[in-house]
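Being a predicted model, the structure only gives us computed values, none of them experimental. Any value given below was found using the heavy atoms of this structure, including those in side chains, with hydrogens, waters and symmetry copies removed. Protein chains get the first letters and strands the later ones, always in sequence-line order, with residue 1 at the start of each.
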2 protein chains.
Amino acid sequence: MVTTPAFRRLPRAVREQQMLDAAVRVFSRHGYHGASMDEIAEKAGISKPMVYAYLGTKEELFVACLHREGTRMMEAIAGAAVPDLPADERLWRGLRAFFGFVGAHRDGWAVLYRQARAERAFADELTMMRARIVEVVAGMLDHALRAEGREVAETELEVVAYALVGASESLADWLADHPDADPEKTATRMMNVAWLGAAQLLHGHTWHPGMEGM
Amino acid sequence: MVTTPAFRRLPRAVREQQMLDAAVRVFSRHGYHGASMDEIAEKAGISKPMVYAYLGTKEELFVACLHREGTRMMEAIAGAAVPDLPADERLWRGLRAFFGFVGAHRDGWAVLYRQARAERAFADELTMMRARIVEVVAGMLDHALRAEGREVAETELEVVAYALVGASESLADWLADHPDADPEKTATRMMNVAWLGAAQLLHGHTWHPGMEGM
DNA sequence: GCGTAACCTTACGTACGAGTAGGTATGCTC
DNA sequence: GAGCATACCTACTCGTACGTAAGGTTACGC
């Protein structure tokens, strides 16, 4: 008696994606520690040893999730913020893509990101990803500055870029916690804070202690 | 034979503080889950049942840490940002106090910010604390706006405030990871981004889609 | 049609860490 | 200096979940 098995065998590449899908869902629901490999396997419709065979330990699995989702996000942003455009146009498109992505993956990306920050083991991975974005933003600012004949120390630039990226991350977090919020509007608000502040810097205005009330 | 005991008995209040000190250190080093009650007890120079007797379960212990560090931070900020000063002066003093606190209590900050965010169980506590800060910042902006006869929707204000708070948190995170960085300088940089951007808003300049390159 | 390799499973070892039972010493009060 | 409350300890239970050993099943090459 040959019963057609409910779930056919599938090639490795397909299963891996199913596992990653399940892992992202479970990790984002229960957190890194709260998630169990058993549940991930179950949600992926597969047994636990397969997960270990394909994606390795829990830690490696989480890194794989982080990597896939992070790459997707980077691609979404890179695809939108094409070079050879004015800096503000690029920034705007980049922000819109970023918030669009986060808005579309509320359960996935934002939560995964939050988890990664808490664990020392993933700090490096995270730092590298953020560094790439900060570099891009700093590059935009630098480009715009040079176009106006100004120049700013690299560290200075980096810290400002870091602040802008941080503000975006926080708004992304806020977005993830407010399901009915509009990503587009959020991006506009971020653009207001970022660009108006940056524009001031571009025009040589800086604030320093002792000039309060001016 | 009466050997003087190496560690004398201490009143409850003192031991509780020692336990909290140890807990903050351990939590910030290994994360909420990575930390073990045994290690916390050991670092506090006491045995585990005492921790349970005084501060309760692991979760309650963490909340106690969160509460103490959070209160300290709030007090540091509130003590600096006195009312009845111009908005920018208040913002500057608040920022300086904030970054000063983080610089001096890097462990406490790590617990508050990185660990508490990851765990759903502590999200509420965190959200409330942040909400209080956002409210204060939004109040500053609102005050400054009214002084100039302008008015902005409350939601708008809140999101901008949220972005500024987020940027500060990120820079604080950066500060925590760079032991040789100067809190004062970091505060100045944050002030630049925040206040120059906000000043633009105050003067009625806003950015909106479609005005790129202007 | 048959072997081989890849796919997939059940069932387990094991370690770690939260929380507790029950007992000992110390200092304070009268 | 007896009694009592409080500080404190050693040594244990027990659940949970990571990671694995060893064996069954399907597809595919030849």
Side-chain angles (χ1 to χ4, degrees), chain A residues 1-23 25-65 115 118-122, chain B residues 1-23 25-65 115 118-122:
Chain A
M1 177 168 130
V2 179
T3 58
T4 45
F7 295 99
R8 300 228 359 255
R9 292 193 158 192
L10 292 173
R12 174 166 184 156
V14 176
R15 277 281 189 246
E16 280 183 348
Q17 292 308 311
Q18 291 180 346
M19 289 176 190
L20 286 175
D21 290 340
R25 271 184 53 195
V26 175
F27 278 135
S28 66
R29 278 196 93 70
H30 305 304
Y32 175 67
H33 287 278
S36 80
M37 295 297 270
D38 289 272
E39 186 182 350
I40 291 171
E42 185 197 321
K43 284 271 196 290
I46 212 75
S47 72
K48 197 167 49 158
M50 288 308 298
V51 181
Y52 280 89
Y54 283 172
L55 278 324
T57 72
K58 189 180 186 181
E59 196 172 310
E60 289 167 339
L61 173 60
F62 187 83
V63 170
C65 291
Q115 294 301 320
E119 229 60 38
R120 266 285 208 256
F122 311 125
Chain B
M1 176 169 124
V2 178
T3 59
T4 47
F7 296 99
R8 299 225 2 254
R9 291 192 157 193
L10 293 173
R12 175 169 184 153
V14 176
R15 274 276 133 87
E16 279 183 349
Q17 292 307 311
Q18 292 179 347
M19 289 176 188
L20 287 174
D21 290 341
R25 268 183 58 194
V26 175
F27 278 135
S28 70
R29 279 195 93 70
H30 306 304
Y32 176 68
H33 286 279
S36 79
M37 295 297 271
D38 289 273
E39 186 182 350
I40 290 171
E42 184 197 322
K43 284 271 194 291
I46 212 76
S47 72
K48 198 165 48 156
M50 287 308 296
V51 181
Y52 280 88
Y54 283 174
L55 279 323
T57 71
K58 188 179 187 182
E59 196 172 312
E60 289 167 339
L61 173 60
F62 188 84
V63 170
C65 292
Q115 298 305 319
E119 230 60 38
R120 264 289 203 244
F122 312 124

Distance, rounded to the nearest Å, where [X] contributes [atom1] and [N] contributes [atom2]:
X: A/Glu60; N: D/dT20; atom1: CD; atom2: P; answer: 10 Å
X: A/Gln18; N: C/dC8; atom1: CD; atom2: P; answer: 9 Å
X: A/Phe62; N: D/dA17; atom1: CZ; atom2: P; answer: 17 Å
X: A/Ile46; N: C/dT9; atom1: CD1; atom2: C1'; answer: 10 Å
X: B/Arg12; N: C/dT26; atom1: CZ; atom2: C1'; answer: 18 Å

Requested in this report: Identify, with sequence neighbours excluded, every residue that meets salt bridge (charged side-chain N to carboxylate O under 4.0 Å, His left out) alongside B/Glu119.
Outcome: none

Report task. Could you list the residues that satisfy salt bridge (charged side-chain N to carboxylate O under 4.0 Å, His left out) with A/Lys58, not counting sequence neighbours? Result -> none

Query raised in the report: Within less than 4.0 Å of OP1 or OP2 of D/dC8, is there a side-chain N or O belonging to B/Arg15?
Result: yes

Tell me, please, which residues at least two apart from [X] pass side-chain contact (heavy atoms from CB on, under 4.5 Å).
X: B/Ala118; value: A/Gln115, A/Ala118
X: A/Asp21; value: A/Arg68
X: A/Val26; value: A/His30, A/Ala35, A/Glu39, A/Ile40, A/Lys43
X: B/Glu16; value: B/Arg12, B/Tyr54, B/Leu55

Requested in this report: Could I get the full list of side chain to side chain donor-acceptor pair (under 3.5 Å) partners for B/Gln18, not counting sequence neighbours?
Outcome: B/Arg15

Requested in this report: Mind running a 4.0 Å heavy-atom check of residues 48-59 of chain B against DNA chain C and sending the residues that fall below it, in number order?
Outcome: B/Lys48, B/Pro49, B/Tyr52, B/Thr57, B/Lys58

Query raised in the report: In residues 31-40 of chain B, which residues come under 4.0 Å of DNA chain D by heavy atom?
Result: none

Query - No-H, no-angle donor-acceptor pair, B/Arg9 side chain to C/dA25 base, under 3.5 Å - result: yes

Query raised in the report: Would A/Met50 and A/Met19 satisfy side chain to side chain contact (heavy atoms under 4.5 Å, CB included), going step by step from the backbone distance to the final call?
Result: CA-CA 9 Å; A/Met50 288 308 298; A/Met19 289 176 190; 3.8 Å; yes

